[in-house]
A.B. asks: 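One structure coming up, written as structure tokens, with questions to follow.
Here is how names work: the chains are called A, B, and so on, in the same order as the sequence lines, proteins then strands, and each is numbered from 1.
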4 protein chains.
Amino acid sequence: MYSFRNDYSEGAHPQVLQALTDTNAVQTVGYGMDPYCQAAADTIRRLCAAPDADVHFLVGGTQVNLVTIDAFLQSYEAVIAAQTGHVSTHETGAIEATGHKVCTVESPDGKLTPALVESVLAQHNGTEHMVLPRLVYISDTTEIGTIYTKAELTALRRCCDVHGLVLYLDGARLGSALTAPGNDLTLPDLAALTDAFTIGGTKNGALFGEALVLTRPLPHYRWHMKQRGAVLAKGRLLGIQFQALLEDGLYFDLARHANQLALRLRDGIAALGYPFPVDSPSNQQFPVLPNAAVQKLQELGYEFEIDHVVDADHTCIRLVTSWATPESAMESFLRDLATC
Amino acid sequence: MYSFRNDYSEGAHPQVLQALTDTNAVQTVGYGMDPYCQAAADTIRRLCAAPDADVHFLVGGTQVNLVTIDAFLQSYEAVIAAQTGHVSTHETGAIEATGHKVCTVESPDGKLTPALVESVLAQHNGTEHMVLPRLVYISDTTEIGTIYTKAELTALRRCCDVHGLVLYLDGARLGSALTAPGNDLTLPDLAALTDAFTIGGTKNGALFGEALVLTRPLPHYRWHMKQRGAVLAKGRLLGIQFQALLEDGLYFDLARHANQLALRLRDGIAALGYPFPVDSPSNQQFPVLPNAAVQKLQELGYEFEIDHVVDADHTCIRLVTSWATPESAMESFLRDLATC
Amino acid sequence: MYSFRNDYSEGAHPQVLQALTDTNAVQTVGYGMDPYCQAAADTIRRLCAAPDADVHFLVGGTQVNLVTIDAFLQSYEAVIAAQTGHVSTHETGAIEATGHKVCTVESPDGKLTPALVESVLAQHNGTEHMVLPRLVYISDTTEIGTIYTKAELTALRRCCDVHGLVLYLDGARLGSALTAPGNDLTLPDLAALTDAFTIGGTKNGALFGEALVLTRPLPHYRWHMKQRGAVLAKGRLLGIQFQALLEDGLYFDLARHANQLALRLRDGIAALGYPFPVDSPSNQQFPVLPNAAVQKLQELGYEFEIDHVVDADHTCIRLVTSWATPESAMESFLRDLATC
Amino acid sequence: MYSFRNDYSEGAHPQVLQALTDTNAVQTVGYGMDPYCQAAADTIRRLCAAPDADVHFLVGGTQVNLVTIDAFLQSYEAVIAAQTGHVSTHETGAIEATGHKVCTVESPDGKLTPALVESVLAQHNGTEHMVLPRLVYISDTTEIGTIYTKAELTALRRCCDVHGLVLYLDGARLGSALTAPGNDLTLPDLAALTDAFTIGGTKNGALFGEALVLTRPLPHYRWHMKQRGAVLAKGRLLGIQFQALLEDGLYFDLARHANQLALRLRDGIAALGYPFPVDSPSNQQFPVLPNAAVQKLQELGYEFEIDHVVDADHTCIRLVTSWATPESAMESFLRDLATC
């Protein structure tokens, strides 16, 4: 019937597709050196109030993570990440494949704090017998839907300054984060507080694409991209899409829509008495349902990921909404769950 | 006025774009596990008469080269390539970045022969003090526009069998090769004679995409892809495009168009008395022009790559046609060149 | 006065040095293809009752770990290790530098069990989005001095068989393990139960050297060695030393000496009322001492590593004995500690 | 009878072995942080007139090459080397295994010149589509026995300065180079003209060991060493040996001996009418002999490497002398060759 499996189950938002269609016949140079990418980069610099930021466009999230993290690090330097961090779990060792250790730490809510970062540092003695943790990887929203506040990100920035660390924020779901209730971060805040962050397109209305905003210079970044197969021949496709998403605020409208439906799902499910182990204000929700209800919903045609088995009778599932989720899908899900 | 810079200056062929538009709202699973990719893979297996081939879809050429070559090789094994091979020159050391040496050999026409392959083998003593050359990288069309005949490819296959080598063909411009005058190779031939080859979409009408046909199994290929950031979240985009290109022969129609315009360019330039160091039957042409003509053409708004400096007064340029090149552009170029 | 810092504070046992002196003028071929290495490999095969085992000699522990683990693994495959495992902590990300993730798990005693191994496997979903854990890394003695029993190693072997895992045992301190009270493992057991294990020379009387015993074939292992700079030009030095250590049991005599002194240290310290968080039967002991005692001992000239801070007033130190530790050093340490 | 196969067929020079024996029982800290390494590093800084140079000791040549070259380079940067360079041929792709391309160029005498370096640079367009050649690898003596003059090395230095390149000199046979007839280079010259160079011990009287002299700082070099398994636990063994070799000039005495015997071999063979394709003033000689003579010499028990097949009747062999080669071996070889 309907898939809540993820936020990349469809193609692109119609306006994005229209922009690709409108520009289809125009000739440009390749590899992202075209005017569309230039314009989109300018838009991003303007929105971030970061006129000197370097902006690059890559195709996917694992790709931008592995290229950027490797570009920031010397070979003996390592990443600090939450155990749940995408780079720690669902990237098939992509960071390690570029030679770097990912040092993980348990986090109750998927977020890192100065204390957690320092607990990792404390396990390293600063000698040549151990890696040097050097880059802090965080995601906003996190992999379990939580978001950072400005105070939290500011504290991490200070921690990174004290310890000489690079702060990298994976914004695969940044739209959802910045439009979630409780969020007080802005793009200029992100540019000011991180060394690099991404603005995710794939999960918020683009066919594909992650924009990387570098406020700490990485002069040969394009060499790193090319060496990893991360330079798109028709790079303009990325610029066109990001310009369509960002120039008039469509990006945030889409994310707001996804969040609203997710929160209505959350509230409806909670009203039926089902618990949520994590309090997520964003477009991923993780309710715990009886196995019978899970099975019934699947039989009715709903698709979603199983997050984890809770006990013999209960399962935590993941429901993801997107710019494309119709209100009716959310409502019918709640109606059907009420009958389980 | 017009860019002959490359064959990826525009977006996609309208039919390809239409296919993306038509399917845009459909929900599918991610990562290329969707029905569109399945259908496109089936189409490719059918066209290749290779029912057991494994087919994967990747975004770009450097990407598919680095993932596949690394997947075929043990760490101490190396690639044999022509000095002009794309992996030797224009991929920023992407193969070496996965740990493998590329052993190059001079080739007069950009093609490898059994003799050239064996000359590389002869430089290696088979002991642990040297790499073991193990994979032969060829491209069709080559980087300088030449093509392989069936006899040549069959000879390479035999050579690879004798020496236990993997034969990998980079088909970034395979459409142009298979529709070029003098070509006698078919997709079934390629499936029968190589261990793996690609069918390039980027340079022949797709927004992006390379289809990889594996006739020698690589069971965990998707792990290699993911580790290198080469799994597209909305993988369906690749399946949809290749199905649009291949199911009714559009792919070859587009390539034929590009070749025809290239050959008319070639003939027209030759008729003006300008030489071509390489005899290319495909969509890349490399005429040698007086510097004054080159400059005049540039001033008129024509764009093209400078291939190399020939002497103080002459330059070899590269002209590339594509599915999108209008007849008028070719004609006006010839007209303007005649006045130089 | 005396250093209990580690078991590689001196040169070689005199008999080992004598063997090097005796053979010094003999000419042999290089790279470990000489008769001394052949003889030492034969001795090891005999002692292991493993006539078909492949034996290689490398210079150091991190070196043999990184070469061997990488040789066993495909690029998307990962290591399972205890949090305290040497490859997890004190090798500067050497395994990750070859491209492989090390998946760690907390272990109370530094040892892995089938349950711990399976807890790591359970965190991986078997899809291409995650690494495939494939090699179990254990050490005997462990990094905190504990040893495996035959029952424990047999259980791990079964676990590895069930899950298709490679079992690799780091024997940097294998002499100490095999001669410790409570040990019931033998070299033939190790050859039968692991896929590969090392016999450490560096920490038990050699100038340097680790012998690798491969019972699961790795046909091109010497290529892996050479590519990592791990083939010693005068490889004979390794064969000569291992033959001197192993042909008449010197290796085990030396380890027994180290253990005896360590256990007398342990018993003497315990008799003074100081606790040991880990119960080690081998040549590394980890007592918790008051800070004042630690400082006094240091002022008296004793050297040792600080393992960790226990609380504001107590520190856990590491005392290591070796083949070279004189009884008098152990006795004077106990005498001096008694006065602290 | 006698092996001219290489210069590492025996153990160590007796004075070196004696130094190891004399210090055998002394306790020191590990990993090269001991007083012997400190003293040897001071000796080297003094001999090089380079008081600020950083000196490290590694076990082997491939090892020091791979660690150092990788430490100097960003991932997209490449090496320039002669086709005959050790890193290009006989290190099993060790440099590529750290991710870097080695760009080779044909050289008639195994040496690089500014013109050859610039010919490699000219093949690279400076864009992100190609690697950036960044480190010039040379060896002295070269792999075919030739040596650099001060004028040649000075010219290379200037070339490197102009193009922003790192100049690295592999001195595996540096003793032979610096004592060869025609040499006008000194250790202070090498320190002044290169960014890094090695002083080879393995091939000139040590059991093993290469000293690395860094005049361009690489602050975290020891992390690179450890990550590649290149930190010797009993690092003192390296310091003791280099101190024994260098403090009183033994190193150069040994090399002078090797050269003298090699040149007498050369002159004797030439007097018999056999040609030498390369004019080598050092301890490697490459005469071309009739196959019958080669076979006869082998039957008489002489060992040597076959360098290459010249024609159906002639073979170029490699004869290597060392500190250990007795005059009698050289004389009997000439006598026996005269009878062939």
A.B. asks: Could you check which of B:G60, B:A97, B:G99 has the highest count of heavy-atom pairs closer than 4.5 Å to chain A?
C.D. replies: B:A97
A.B. asks: Answer yes or no: is there a side-chain heavy-atom contact under 4.5 Å between A:V59 and B:L232?
C.D. replies: yes
A.B. asks: Which atoms of A:A172 are under 4.5 Å from chain B, going by heavy atoms: the side chain, the backbone, both sets, or neither?
C.D. replies: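 A:A172 has no heavy atom closer than 4.5 Å to chain B.
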A.B. asks: Do any N or O atoms from the side chain of B:R228 and from the backbone of A:G229 form a donor-acceptor pair under 3.5 angstrom?
C.D. replies: no
A.B. asks: Is any side-chain heavy atom of A:V26 closer than 4.5 Å to one of B:E10?
C.D. replies: no
A.B. asks: When rounded to the nearest 0.5 angstrom, what is the spacing between CG in A:L17 and CG in B:L20?
C.D. replies: 7.0 Å
A.B. asks: Please state whether the side chain, the backbone, both or neither of A:L207 comes within less than 4.5 Å of a heavy atom of chain B.
C.D. replies: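 Both backbone and side chain.
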A.B. asks: Between B:A230, B:G93, B:P14, which residue shows the highest count of heavy-atom pairs closer than 4.5 Å to chain A?
C.D. replies: B:G93
A.B. asks: Would you find a donor on one side and an acceptor on the other, under 3.5 Å apart, between the side chain of A:N24 and the backbone of B:H13?
C.D. replies: no
A.B. asks: Contact part of A:A25 toward chain B, heavy-atom cut-off under 4.5 Å: side chain, backbone, both or neither?
C.D. replies: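 When you check distances to chain B, only backbone atoms of A:A25 fall under 4.5 Å.
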A.B. asks: Would you find a donor on one side and an acceptor on the other, under 3.5 Å apart, between the side chain of B:Q227 and the backbone of A:T92?
C.D. replies: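 Checking the backbone N and O of A:T92 against the side chain of B:Q227, a donor-acceptor pair under 3.5 Å is found.
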A.B. asks: Go through B:S9, B:A233, B:A94 and name the one with the most non-hydrogen pairs under 4.5 angstrom from chain A.
C.D. replies: B:S9
A.B. asks: Is A:H224 in contact with chain B via its backbone, its side chain, both, or neither, using a 4.5 Å heavy-atom distance?
C.D. replies: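 Nothing of A:H224, per the 4.5 Å heavy-atom cut-off to chain B.
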A.B. asks: Nearest 0.5 Å please: distance from the CZ atom of B:F4 over to the CD atom of A:Q27.
C.D. replies: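 If I round to the nearest 0.5 Å, the distance is 8.5 Å.
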A.B. asks: Between atom CG of B:N6 and atom OH of A:Y31, what is the distance when rounded to the nearest 0.5 Å?
C.D. replies: 6.5 Å
A.B. asks: Would a distance-only check, ignoring hydrogens and angles, find a side-chain to backbone donor-acceptor pair under 3.5 Å from A:K234 to B:T202?
C.D. replies: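 It does hold such a pair.
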A.B. asks: I'd like to know which of B:E303, B:Q63, B:K226 tops the heavy-atom pair count under 4.5 Å against chain A.
C.D. replies: B:K226
